[in-house]
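Here is the structure we will look at.
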Amino acid sequence: MDSESLKENVTVTVRFRPLSPREIRHEEEIAWYADGETIVRNEYTSSIAYAYDQAFGPTTTTHHVYDIAAQHVVNGAMEGINGTIFAYGVTSSGKTHTMHGNQRSPGIIPLAIKDAFCIIQETPSREFLLRLSYLEIYNEVVNDLLNPAGHHLRIREDSHGTFVEGVKQEVVLSPAHALSIIAAGEEQRHVASTNLNLHSSRSHTIFTLTIESSPCGENNKGEAVNLSQLNLIDLAGSEGSKAETTGIRRKEGSYINKSLLTLGTVISKLSDGKSAHIPYRDSKLTRLLQSSLSGHGRVSLICTVTPSSSNSEETHNTLKFAHRAKHIEIQAAQNKINDEKSLIKTYQNEIRSLKEELEQLDQEGEAKDALLIQIQSLTRLILVSTKSSSHQTDPERRYSFVEEELAYLPRKGHDLSLDNENIQLNVNFDALKEEKKIKKPGLYNLLKPQKQEGLTLTRPVYSSPSDSTSEALQQEVTSSGNYTETENTTIKAQAIEIEQLKQKVAMIIESKEQLECENIRLKEESSYANELASAAATELKMLSEQVVKLMNQNSA
């Protein structure tokens, strides 16, 4: 292929989340905003601005983010071009919501999986084999989220690039099958409550879809196989100046910051194009990203940021990181291998051999039934389109998840998002411009709840039985002309008592939430202590074996 025609830059997009309820309560202002489709600008210093491939405002849906930032990478991966998509940003900026999403708003990972199977359906001329793996980098240790025993895995390197030794790979047959495996892996991931987020990711995760494809038909023995990997990465975020200071959280934070700083250094050196040495080996994260960042596949960086003034410095650092990444040049190429040992070729050859063996059996019997079962089992692993000719799937259907698939996504996200139909943001920009003429400078009013027509931030209101009872009693007291003085006094006393009970219930709920957070923290510390003990026991065993080996050598 003509490599010059495939020379391109890393795709860099920025996604703003809305102000969180906490930020709204504290009346924080908008410090950064999307000015048009590609520019991000500082509200207080308009000359500070950065240009990207796309700047997504807080009302942008994840579907739209996928269309712009991810779909071309997924399409390339299905054609044999390696691809990497990763979300970068500080804690509570919306990375996990963007990458994983929830049932009401599926994230980039489920959308990519759904899209991959749609592309298979649209490509009747090829057969596909899909495998997935799911890794975690926690405290600079690589763990296999699909294998409970897969801890402290080693990163190796061969002629094709870096890989993780001993990682478990699952062949996937449908979107629901893939999402169920990811959901099982998520249960093993390290999360924690932090100052900014009750369920903060404390590890980097790398979801990899390995894609093999070859032409359809019985006579495809000598045909080359397209082989590619699609990496979808959710990076843990640092908390900047708001980081935890307790022992375990501080240790986690130091490892996270180290890997993110190394990633920043690698990005800087790659963007200037002059550095002879790129420090990929300084962290596990950059070591695993080496093949992607060194220009052998398409890369899309989605930077998630908060617009609030309290995180202005952290947002600025993220924007500068994104700006540097935009200058990295890549030269993606299609990967074709003529290897009969590729997994799809192995399965095709085995099916061909079993069919030949089946034809030699004249009579029905157990042997023939066993061969048929083997053929069917292998055939179902190779994915083929049910269509006879190429046909583009309706875009709406690409994003249509059935109940079986949605069951493996979280019911609701941890981040405030406009994709969630429980939260609606209605902005009248004309009214906002008029309002800004008479109010102090700043775009805080863009997202602040207002009584005016310019903006409303609404949530569904659920009334408890006590609320309804109290309201009814208040109405009775108001229209108490038909009651005696004694009855009025009784009604008022009941209303006061109900109000006091409501306050006690609120205090109990708040205490319960605090206890739950403390319980989560204690469980995490206990789990981490157990991991340290297990690691120490392993090291001690290895050391003991070495001592015994040396003693035996000396005695000999």
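Note: hydrogens, waters and symmetry copies are ignored here, and every other heavy atom, side chains too, is used. Just so you know, these numbers come straight off a predicted model, no measurement behind them.
- If you run side chain to side chain contact (heavy atoms under 4.5 Å, CB included) between Leu145 and each of Lys168, Glu136, Glu187, only Glu136 comes through.
- A donor-acceptor contact shorter than 3.5 Å is absent between the side chain of Lys95 and the backbone of Ala236.
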For this session: Would you check, one step at a time, whether the test side chain to side chain contact (heavy atoms under 4.5 Å, CB included) holds for Met78 with Thr123?
Result: CA-CA 10 Å; Met78 298 302 290; Thr123 316; over 6 Å; no

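- Although no hydrogens or angles enter the test, the distance criterion places a donor-acceptor pair under 3.5 Å between the side chain of Thr60 and the main chain of Gly57.
- A 4.5 Å side-chain heavy-atom check between Ile137 and Leu288 finds at least one atom pair inside the cut-off.
- With ring centers used as reference points, Tyr50 lies under 6.0 Å from His316.
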| query | Between Glu223 and Gln348, does a side chain to side chain contact (heavy atoms under 4.5 Å, CB included) hold up when you go through it step by step? | reply | CA-CA 12 Å; Glu223 296 286 345; Gln348 288 169 342; over 6 Å; no

Worksheet item: Which is it for Lys258 and Asp282 under the salt bridge (Lys or Arg N to Asp or Glu O under 4.0 Å) test, yes or no, and what are the steps along the way?
Response: CA-CA 9 Å; Lys258 176 192 173 185; Asp282 287 2; over 6 Å; no

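- Residues Leu19 and Pro307 are in side-chain contact: their nearest non-hydrogen atoms beyond the backbone lie under 4.5 Å apart.
- Leu260 places none of its side-chain heavy atoms less than 4.5 Å from the side chain of Phe321.
- Ion pairing between a basic and an acidic side chain is recognised when a charged N comes within 4.0 Å of a carboxylate O; Glu165 and Arg154 show no such pairing.
- Using the six-membered ring where Trp is involved, Tyr134 and Phe207 have ring planes that are perpendicular, over 60° apart on the 30 and 60° scheme.
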